[in-house]
Chemist: 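Input: one structure, supplied below.
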Amino acid sequence: MGDGKIRVLGIAGSPRRRGNTETLLDRFLAGAKSVGAEVEKVVVARLRIAGCRACDGCWEDGRCVVQDDFQQLCEQIVDADVVALAAPLYFWNLPAQVKAAIDRSQCQWARKFIVKIPLRPTLSGRPRRRGVFISAGGEAEPYFDGAVRTVKGFFGVYEADYWGELLVGGVDAKGDVLRNPHVLEEAFDLGTRAATWDDTTIGK
Ligand SMILES: Cc1cc2nc3c(=O)[nH]c(=O)nc-3n(C[C@H](O)[C@H](O)[C@H](O)COP(=O)(O)O)c2cc1C
């Protein structure tokens, strides 16, 4: 049984620091903090995470055999009640750094469906997580559908529902998003809502 405290993990998935998606993520996390959640941010580009080798080593015990920063990120995701992934569109999908972490999450799939070990609840004791996808693209009306499909799969292996999204087009240069106060407010508001939970699910 967990402590019931809502933990929010923000995954900054752009290799460009303090760019458009990280700015939106910061507003989202500020919103979550404003309603009392414990928030943490991980910058994927600062981690050392190799790609999946398709060695099927995880079919033995559900753990990835490649030892790098993925193991810790994986634990942080499992601990959290809300997982917010913020990453820009790169060729209508996600940057390679964050895609490597997503591909490595195949071990969670093997753990559940091959080794048949159920995913543990969050640190707070909740059986399922909330997933939020924040993205930006330089095109005026970008195609987010490829990235959304990938993120839904990623959230799925961690038993996170695709709970919310904030997809912003027409922002390209670093800082473009700052010229749109409405979208920054939207990010803050999404953070407050994502971290406000109906606690009847704890421990079930
Ligand atoms: C390698 C690369 C690929 C990109 N591919 C796309 C794309 O497919 N569609 C799009 O709308 N924007 C694309 N962009 C633009 C970024 O999505 C845009 O600049 C975004 O605001 C960057 O977010 P960030 O500041 O958080 O890094 C691409 C940028 C780079 C560097």
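When a ligand or atom number is given, it counts from 1 through the structure's own listing order. As the structure is a prediction and not an experimental result, all values here were calculated from the model.
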Chemist: I'd like to check which ligand 1 atoms, numbered from 1 as shown, lie under 4.0 Å from a non-hydrogen atom of Ser14.
Modeler: 24 (P), 26 (O), 27 (O)
Chemist: I'd like to check Trp59 versus Arg111 (side-chain heavy atoms, cut-off strictly below 4.5 Å). Are they in contact?
Modeler: no
Chemist: Number the atoms of ligand 1 from 1 as they appear, then name those within less than 4.0 Å of a heavy atom of Pro142, with their elements.
Modeler: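 Result: 11 (O).
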Chemist: What protein heavy atom lies closest to atom 5 (N) of ligand 1? Include the residue and the distance to one decimal.
Modeler: Phe91 N, 2.9 Å
Chemist: Tell me, yes or no, whether the heavy-atom count around Arg120 atom CZ, taken from other residues, nucleotides or ligands under 6.0 Å, exceeds 12.
Modeler: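 Buried by this count: over 12 neighbours within 6.0 Å.
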Chemist: Identify the closest protein heavy atom to atom 23 (O) of ligand 1: which residue and atom is it, and at what distance?
Modeler: Pro88 CB, 3.2 Å
Chemist: I need the Lys41 NZ to Leu29 CG distance, nearest 0.5 Å.
Modeler: 7.0 Å
Chemist: Nearest protein heavy atom to atom 20 (C) of ligand 1, by residue and atom, and its distance?
Modeler: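 Nearest neighbour among protein heavy atoms for atom 20 (C) of ligand 1, to 0.1 Å: Val171 O, 3.7 Å.
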Chemist: Enumerate the atoms of ligand 1 whose separation from the nearest heavy atom of Gly137 is less than 4.0 angstrom.
Modeler: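 Answer, ordered by atom number: 10 (C), 11 (O), 12 (N), 17 (O).
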Chemist: So do Gln76 and Glu40 actually touch side chain to side chain, heavy atoms under 4.5 Å?
Modeler: yes
Chemist: Does the pair Asp68/Arg104 count as a salt bridge with the N-to-O cut at 4.0 Å?
Modeler: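 Yes, this pair counts.
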Chemist: I need the atoms of ligand 1 closer than 4.0 Å to a non-hydrogen atom of Gly19, numbered in the order shown.
Modeler: 25 (O), 26 (O)
Chemist: Of the choices Tyr90, Tyr143, Trp92, which has the non-hydrogen atom that lies closest to atom 1 (C) of ligand 1?
Modeler: Tyr90
Chemist: To the nearest 0.1 Å, how far is atom 26 (O) of ligand 1 from its closest protein heavy atom, and which atom is that?
Modeler: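 For this ligand atom, the closest protein heavy atom is Thr21 OG1, 2.5 Å.
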Chemist: Which heavy atom of the protein is the closest neighbour of atom 14 (N) of ligand 1, given with residue, atom name and distance?
Modeler: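 Its nearest protein heavy-atom neighbour is Leu89 O, 3.3 Å.
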Chemist: Can you tell me which residue among Thr150, Val148, Val151 is in a side-chain contact (heavy atoms from CB on, under 4.5 Å) with Asn93?
Modeler: Thr150
Chemist: Tell me which one of Arg46, Arg17, Lys174 satisfies salt bridge (charged side-chain N to carboxylate O under 4.0 Å, His left out) with Glu22.
Modeler: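 For Glu22, the salt bridge (charged side-chain N to carboxylate O under 4.0 Å, His left out) check succeeds only for Arg17.
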Chemist: Identify the protein heavy atom lying closest to atom 19 (O) of ligand 1, giving its residue, its atom name and the separation to 0.1 Å.
Modeler: Asp172 OD1, 2.6 Å
Chemist: Of Arg130, Lys152, Arg128, which meets salt bridge (charged side-chain N to carboxylate O under 4.0 Å, His left out) against Asp161?
Modeler: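 Option passing the salt bridge (charged side-chain N to carboxylate O under 4.0 Å, His left out) with Asp161: Arg128.
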Chemist: Between Glu159 and Lys112 (salt bridge meaning N to carboxylate O under 4.0 Å), is one present in this structure?
Modeler: yes
Chemist: Identify, for atom 12 (N) of ligand 1, the protein heavy atom at the shortest distance, and state residue, atom and that distance.
Modeler: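 Protein heavy atom at minimum distance: Gly138 N, 3.0 Å.
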Chemist: In the protein, what heavy atom is nearest to atom 9 (N) of ligand 1, and what distance, to one decimal place, separates them?
Modeler: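 For atom 9 (N) of ligand 1, the nearest protein heavy atom is Glu139 OE1, 3.3 Å.
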